[in-house]
Structure formats: C-alpha cells, structure tokens
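This report concerns only the one structure given below.
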Amino acid sequence: MNISQDKTISLPEAVTKFVFSGCHLSIGGFTASRNPMAAVYEIIRQKISNIHLYAHSNGQGVDELIGAGCVSRLEIAYAGTGRFAPTCVRFKKAAQSGAIAIEDYSNYQMTLRFMAGAMGVPFLPTRSSLGTDIIEKWGFSRQMRSEDPRLPDQKLRVMDNPFGSWGDAPKLVLVPAINCDVTIIHVQKADLEGTVRMEGLSFSDVEQAKCARHLIVTCEELVSSDFLKAGPDQNQIPSFCVDAVVHIPYGAYPTACYRYYDYDPAYLNAYRKNAEDDALYNAYLEEFVYGVPDHQGLLNKIGNGRLNAIKADPRTGYAVGLDRR
Amino acid sequence: MNISQDKTISLPEAVTKFVFSGCHLSIGGFTASRNPMAAVYEIIRQKISNIHLYAHSNGQGVDELIGAGCVSRLEIAYAGTGRFAPTCVRFKKAAQSGAIAIEDYSNYQMTLRFMAGAMGVPFLPTRSSLGTDIIEKWGFSRQMRSEDPRLPDQKLRVMDNPFGSWGDAPKLVLVPAINCDVTIIHVQKADLEGTVRMEGLSFSDVEQAKCARHLIVTCEELVSSDFLKAGPDQNQIPSFCVDAVVHIPYGAYPTACYRYYDYDPAYLNAYRKNAEDDALYNAYLEEFVYGVPDHQGLLNKIGNGRLNAIKADPRTGYAVGLDRR
Amino acid sequence: MLDYMLKELMTLAAARKIKDGDIVFCGTGISMLAAMAAKHICAPNSVIFFETGAIDSLLEEVPLAVADSRVMFWTSVNGNLADAFATMQSRITGPHVVGIMGAAQIDKFGNLNSTAIGDYFKPKVRFSGSGGACDVASFVGRTITFMQHEKRKFVPKVDYITSPGWLDGPDGRKKAGLPDGGPESVITNMATMGFDDITREMYLTGFFPGITPQQILDNMGFDIDVSRATEVAPPTNFELKILREKCDPQRLILG
Amino acid sequence: MLDYMLKELMTLAAARKIKDGDIVFCGTGISMLAAMAAKHICAPNSVIFFETGAIDSLLEEVPLAVADSRVMFWTSVNGNLADAFATMQSRITGPHVVGIMGAAQIDKFGNLNSTAIGDYFKPKVRFSGSGGACDVASFVGRTITFMQHEKRKFVPKVDYITSPGWLDGPDGRKKAGLPDGGPESVITNMATMGFDDITREMYLTGFFPGITPQQILDNMGFDIDVSRATEVAPPTNFELKILREKCDPQRLILG
C-alpha cells in the first residue's frame, strides 16, 4: 500500500522494487492484447528468475518470460497468441522438456481464483471441469504443495452442494484464491495517484490487480485526476490498490492496446519463427531485449514506419486495413 | 428469454405479464435512489399480493409495497430511506405487528446471493456475520423452508475452510443463491432490445437483473442501439437478459435518478408522516396511488413546479441547492 | 472558550482518530462529516468511500443517504456494492479500512444491535437492519461507533448481535473465525471509550469538558473502567471552522 | 455445381446448426465465421459473444484472437471474463448458449483434449490448454466441435479430458454433477456427426458431397454408426456469397 499522491516511478525502479527472484507474479492482458510487455522485457533485462507465474490466457508476455528463463512454475489456462501462435512456442518447448512445472486450469477458474483473492475469500465455487482431467491431474504434487506454504494444499476440491438440491447443482468445484506478491497490468490511462481507466475489454485485469500484495500499473497516458473524475463510471481501479504508476507509451507493444495501437503482425510472426529455434531465439533475445537499454530502445529499433502502421484508427480503435498475414 | 428486437411494452402490460401473486420479486435501487417506483405503484394498483420480496438496501420501493399489503415475505439487509426515514415506517409497523415474515441478511450477503444466482452457482462464501445473530436467527423456520421448494433448506451455512489455512480464513459463511421469478430495475438508458446503461452507481442492480428468470427494465430514455454501441464500456446488461423494456420518464420518482432528477424531499417527508398513521396512510394510497391511472397521473398531481425543482443540474447530476429539510 | 455543540465535538473526536492513509468507510450523518473533517484536519491522504461503491466523492453538498446522487459526482471510481465490500473483506485493503458506524444498542465488547429490540420474532421496536454494518464490523481493521449516551443503549447484552464487536471477549473473534480487527472506539455525546487490549472490555478514554466520569457511568447499563480517562480537548478554532464552513455549511446534519 | 472449398462447407454446416435466438459463444477462426454467417443465413436474432466479455461485436474486420481490438469495437456491452463465463454458467442464459469449439483429440462421447498428447507430466506434444473451452463444455446448452478428420484426432480415449463431452456415456455428465447440455455435433472436413440421444455415442449424420461413409470411417480411430447419414447439402450460392463477401472478404481465415 502506497498512500502518496504521486506514485510515478521509472519502470526499472518499479521492477527492482516489487519483482524479485522467486516471487509470485501475475500479468494482465489476453493473448495479443494489453500484455504489460515493457515490464516483461524489463524483468528479462534484470534477469529475475525462478518466478511463479499466474495468468489466464496471457500469450506473448508469458511466452517471453518463459523463453528468457525467468519462470520456474506456471499456473495458467491458455498459452496462445491468437493466430500468431495458437500454442505459444517457448511455452510448448518448456512444457515438453520439463523445464518448468505447469498446472492447468480453465479460464473461468483462473478468473475466479484472482477474484477470490480480490474478495478476500479462500475459494470460489464453479461447476466447470467436473469429470475432467483438470480435476484429476495436478501439475504440482501433493508433496510440493505441503512443503510450500505459498501454495494451497490442494489444486482444487470437489464438494457436494451444502444446500442440497438448491440451485440444481449437486456438485461444485472449489478453486483456491490467488494472492500473489505482485501484479503488473498495462492500461490506457492512469493518474499520478494510480486511479485506472481501461478502455475496451478489461479481461480479468481488475481481479488480478486487486488480488496482489503490490500492483504496478504501466500506462499509455498519464492524465489528470480531474480528467478521470469527470467520468468515474469508466474507471475501474481505485488508487489505494496501486503501488507504482509507470508512464510508458507503447508499453503493450508488440501486443495491442485498444484505441492506441494494434498488435504488430511483423513482430509477432518473426517472434514465432525465432522461437522455434534455440539459436535464433537467443539471437532474438540478444538483439531485441538485452540489446536495448529500455522499451524506448526497442521502439527506436522498430522505427516510426512500423509504429505508424499499427496506429489505432480513432473511429474503430484498431489499425484498419493493417496487413496481418 | 425474449429474443425479439423490440421488447418495449407498456408498464401495466409488463407487470401483468411477469409479476403475479405469490411471485418471488426483486427490485433494484438503494434507499432513495433509482427505485423502480413507477412499477411499484403499478403493482400496487394491480393489487398483486403475497409477494416474496428480495432487496438489499432498498428503501422507498420496499416500504410502499409493504404498506399497500402486497408483500407476505421479505428477505432484506436494510429497510431505510436515508434521512427521510432511517427505518422505513410501514416496514417497521409490519415487522412489529408480525404482518409479514422477515429474514435479515447483511448488504454484502444479499449482494452475494444475487451474484450467486447470476453466476449459476448455489452459494458464495464470505466471512461476514460470523458470531452474529444473522447466523443464529432464521426469519423463516426450518419447517417452512423444508415445505417450500422455492426456499433453500437453510438460511446460510458456516463451514470450515476446505483449503485449511489457505487465505487465513478458518471459517466461511455460505450464502445461498437467489433465483427470483422477476426483477425490476429502473435505469437511465436502454434501447429497444434491452441493452442497459446505468449512470453513476449501479448498486447491485446488475446482479439482481441477472439472477431473475424474467427482467423488466424501466428507463428514463429509450435510445438507439447505435448510441449505446458507441460507448459499450459504459453498458452493463446485454439484451439477452431482458424480457421487457418500459419507457417511463420519472420512473424512479419520488426517488432520485442520477443525472435526470433528484429525490423529492417534499414527497418523501409527507410520505413518512402519512406512514406513521394508518388512516393517513390509507388516504395517501387512495389519493396518490389508486387515485391516479398511471405514473403520469401521479406526476400531473405533483405538478411541473416540483418536478422542475428536482431537475438534475447537468454538471453535478443532482438538484443543486434543493431545499432538503 | 469557544462556543460549540456536543454534536460538533462528537464529530471532531471521531475525525481525530482517522489516520493519514486510512480508507474511511462511512455512512451519512455525522460519520460522513467526521470523515470529511479528517481529510482537512489530520489525514489529507485518507480516502472516503461508501458501501454503494463511490470512492473519493467530492461531496460539494451533504448527501442524505449513501446512495444519494451527491456521492456519485466527481468520484475516482463509481463501482457497486460487490466492489465496496470486497475492498473491506480483502486481506490487502481491509486492514487499512476504518469503519464509522452507529447502532441502537451496544454492549461492553462493542457488539452492536441495529436490528430489533425485544424478541427478534416479535420485536418491540424494529430497526432498519444491518445494511452494510455487519459486513464492515466483520471485515475491517478498526471501527469507530457513534452512540447516544443512554442507559437503554449501553446494555449488558444486546438483544440481537447485528454487527460483531469483540463478541464474548479476547478470543471471541478468533473463535468465530473472523479476521483480525474490531472495535477501536465508541464516541458519544458525553465521552470517548476504547477497548482494553487484553480483556477487550470497554473502558473510558475521555470525558467531554463539563462531564464527569460518574455522570457517564450513570447513563450506562454496565460498569466500565474510568481510571484511564482524561478530558477530551474541546474543538479548536480551526477544527470548528473546517466543520462548519467546509463540511456542513448548510447545517443539514449539525442542525 | 458450385465451386467451393471444404473449409467453406465446414463453416456453413456449423452455421446451419445455429438457431434464431441462440447466444453463440465462439473463438476466432472458422467458429467465428460460422457464427457471423448464421446471423445472415438462418439466425438473425442470434448474438455472438466472446469469452473476453465482448457481446454482439460488429466485426468489421476479422479478429485474429478473441482479445483482438476488433472484437471491442461497436459492441452492445464490453464486459470481462467473469461476466462472460457467468452468462454461460447461469441457469437462465446458459441453456440458450451454443458453444463452437475445436480440439486436438476427440473420443466417441465427444470429450475433447486441447492440453497434451502423451503423458500430461511428460507431454509428447503440448497444446495451449483449456482457455475457456472446459468452461463452455461444462456449462452451455449445446456445443459444436470442429475437427480435422484424422485417425490420430478421433481416438478411442483422449489422452487428457480438457473439456467434458458426454464423459463415459448416458449418465456421465449427471454422475459428474455437470449441468444438462453437452456435445451436439462434430463437423469435420469430411462429415457431420451427432450423438445418439440414448447412448450418447457419436454417429454419422452427414457426409460431404464426394465422400463415402467408408472413407470417413477409414480416417477415424473408432467405429461409429453410419446408417443414419445422408449427404450434406453443398453450399448455396447465397450462403457462399454471405461467407465470402460479408464474413471474410480478405480471406484471412478461409485462405
């Protein structure tokens, strides 16, 4: 909790302060949209390792953290980047080689787990996954769980409806809350104190934001509090949930940020190609992540031509007619 | 479920079609704001009785339905109308005389119960009310519950945390879902199909709307779908949840509708005074409810002078400087 | 000596207990005035929020209900009930919330009744019910309760526990499974009271100028320790100015 | 006879199964094209929605992911994941939802694997995982699954049940505690299949023009009843026009 009226801080400082080796981290966004990529790249540059990562359907951010060796354990529902990578490539390799421990949930279950953390309850119930291997197969063993106080003792629990036939749901799956050390989300607008406005779909970013001990918000635009207060129905996260505000335009690049820019098909396609080959992938990391001092360095390398091509059209919020092959 | 593209209907028709004697009804709004008062008065005029009513902190609407004898059972967290009636008067009389059966919950519990219904789960957990009489004292007896399939067998249940020490919550209170026959909410804007935009606070109207088998939306303004689609981040209820759309300006009067009009202190103060005395109350009902053919009739009786006095100021959304003594 | 009303001192006594950075849950009436005054007096970075979901409302005019349109104007976030109560139940934000409440009855452990006097099933007097009070009292770091100082309100045993205080003593909340936190103080038209760190029993912390501890005891249905009490400082000129000019210029609440 | 691609017929075969008033859950790719086509062909009052929370998106351009900005533009409601899945789990709206999905493996009861081939703990091939698929398959009234018609995909037993079909037969879902509803049809590049009302086993309902039931069986890892199958009607001129001109004019999905 940070009660100051100006929570702005540089991205390297925010990452150094709140993200640490072994930390439990969750990142916002969905597949190729609003991933907090600037923060992801900074985590990679700071060589933070052994991260326990939570996401629902986060694509690019998860894959780059895994590819760079930052992640040791992953709880996830879906690792794909839309048509650019129906299954994230470095994730797939890590799963197949056993390089990281993975535990699978459904999207709703991950959302409910973040929501339970945000609500301050140890679990929430759902009817999803009854009869499936999501219940049967635990990615993290019972022993690993019992030895680690930062994991619930059980992946999930099936229980009989304690209200009998009420609600016509004889059995429920209880999914345990996630209370992570830090969540990072990238949003369209925030003020100095950290009040957040997301535009378009908010995915599960609000629940992820509120379940974390610390919250880093990176934003496209730093706006005045008065600007946000003139339209409070559209703001989602109050300042008292926020620890750090980082103003970083194109902070979701190469994923999309609705009303600001689209995803960059050229980057994502090249990424997938590089990801297929270890040597190419190392060269990618050297050039595009370690080889630049910061996110602006990456943007400089990409160049104004490509950034202009993905600029959002004001009417639709995306780059109309963008070559997406 | 109504799939037509024009769900508009008159208020008498909507009430006749969906609200029936003995039905389980929930009404939206909070104390002196956005109560669906036009619908409440229409229910009274149609002399629908024996209603099982659900609300969280609904004030005026609940009190008028009780006062007119429409309600036999009530599940509620709070029956007050702000400073105009810290405890609703007809509610108080009915409770003290035993005229209606009342079961008490907290506001969060009622909200979670509507939410559970909306989510399709039989219960949700909370830590609220542990150690209190909200758990100990059931307004509806075990026998009444076991005889009525439309009530859960238990008011609520206390359970040990099935995830042990996870979440630092050794015990949870499980509150049962509400799935009522019909919910009525009054909103600022809707289109013909029923997509809803509420402005300002939405209270628990969204959860109440989605937990009901049928949903009646009364609205200040009927707007085009294109108008709503130009700002979809601000719309809360999709059309497939809506059965009937009723265009009824001042539909929340005498309670407030943010950005349209304020509550009417003169009406609410006179109401409280009348409510204290059975004869005065009957005279009130005869004159202001039964004595008018419809909501417009009530507005005509109130007159333009008073309606103008409560007109919302465009900057603030309420009637600045209104005499509220 | 300044001329002030008891209601003003009550409000200010509560305001003084709000710490910078607190997230302040309040209802309407003097609890809201206390929260507003605190922002000007001692806790500039405190945030006022309402159970209806409004956060950091400007409050150009005094709202007469927590759902009043006046709480919706110029806020940081207009949310809903689910959001508001989750903020209080949350293990991260909840401990930073101070809740200000009222009730019809209170006992020595700070348990509150706002539901019914007499038998719940045949109430002599029925009140509004919990509203959010039970939730707040269950969840948040600390609560401040406003009471009128009357024997019938300070009772050995409340007729109905609507909102949990320390329940039956030191381990009451823990045994019931409630979070840490609980009643911090009670503020009346005569005195301020706290709860002993060990026994969790109510004790007198302050008596208002011109009121003796004995007068306070005479107006309660149970005895409390008065040995630790000191006189409550009267309102300062600055405090009164804030309260009267910034918080309730129309005197809708102060009267 | 019209010239058409198999992918076009697959898409239209699914579109024809959507009823007016259905709430259509879809992913990207041909499932979304099927939903879009249905609105023009047979179900004008159907509503397309995405697990990301977008309802009734205009879809001026084809999205390449369900979180694509293209699903956020000109919608009825921009919600979130919690809303979207609650709509499907709801006892009121859920039965009206038809979910269109895909998978890496399917068995005769319509159970789907989109997680891993081989041992879950040492996968030979790892896929993306459930995403919302398990939720949809658990909750909604009926599902339509797109598959490539290959022996290695139609298997006697899926390596991992990601999304529940009829589980182990007629009582499978009931025993597991799942809601009513379940797999309705499977559409491949060769055929359409349904599930028997009694046995819940897959059977052939239609074979694409030019394909024989035997060819279909030759490309499956288990036998199915083919006695009830008829030839699937080829795309009409109108259907093709809708699909090509209204749904995917840039041929981003149809290729």
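Side chains are part of it too, since the values below use all heavy atoms of this structure and drop only hydrogens, waters and symmetry mates. Just so it is clear: chains get the letters A, B, ... in the order the sequence lines come, proteins before strands, and each one is counted from 1.
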Determine, step by step, whether Tyr54(A) and Phe114(A) satisfy the side-chain contact (heavy atoms from CB on, under 4.5 Å) criterion, reporting the C-alpha distance in whole Å, the side-chain angles of both residues, the deciding distance to 0.1 Å, and the verdict. CA-CA 9 Å; Tyr54(A) 302 87; Phe114(A) 292 125; 3.9 Å; yes
Stepwise, does the ring pair (Phe, Tyr, Trp, His ring centres under 6.0 Å) test hold for Tyr261(A) with Tyr250(A)? CA-CA 8 Å; Tyr261(A) 46 88; Tyr250(A) 285 94; 4.6 Å; yes
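Per-residue heavy-atom pair counts under 4.5 Å with chain D were compared for Pro265(A), Ala256(A), Ser129(A), Gly98(A), and the maximum is reached by Ser129(A). Of the residues considered (Asp68(D), Leu81(D), Asn80(D), Val125(D)), Leu81(D) shows the highest number of contacts with chain A, using heavy-atom pairs under 4.5 Å.
Heavy-atom distances place both the backbone and the side chain of Asp104(A) under 4.5 Å from chain D. At a 4.5 Å heavy-atom cutoff, the contact between Ser57(A) and chain D is made by side-chain atoms alone. For Glu136(A), no part lies near chain D; criterion is any non-hydrogen pair under 4.5 Å. With a threshold of 4.5 angstrom between heavy atoms, Thr255(A) does not approach chain D through any atom at all.
At a threshold of 4.0 Å, the pair Arg244(D)-Glu8(D) counts as salt-bridged, since one of the basic side-chain nitrogens sits closer than that to a carboxylate oxygen. No salt bridge links Asp119(D) with Lys124(D); every basic N to acidic carboxylate O contact stays at or beyond 4.0 Å.
Glu184(D) places no side-chain N or O within 3.5 Å of a backbone atom of Thr143(D) that could act as its donor or acceptor partner. Under the 3.5 Å distance criterion, the side-chain polar atoms of Ser202(A) are left unmatched by any main-chain donor or acceptor of Met198(A).
By a heavy-atom distance cut of under 4.5 Å, Phe91(A), Lys92(A), Ala95(A), Gln96(A) are the residues of residues 89-97 of chain A near chain D, going up by number. Heavy-atom neighbours of chain D within the stretch residues 315-325 of chain A, taken at a separation under 4.5 angstrom, comprise Arg315(A), Thr316(A), Gly317(A), Tyr318(A), Ala319(A), Val320(A), Gly321(A), Leu322(A), Arg324(A).
In this structure, Phe139(D) and Tyr108(A) have perpendicular ring planes: the angle between them is above 60°, well past the 30° mark.
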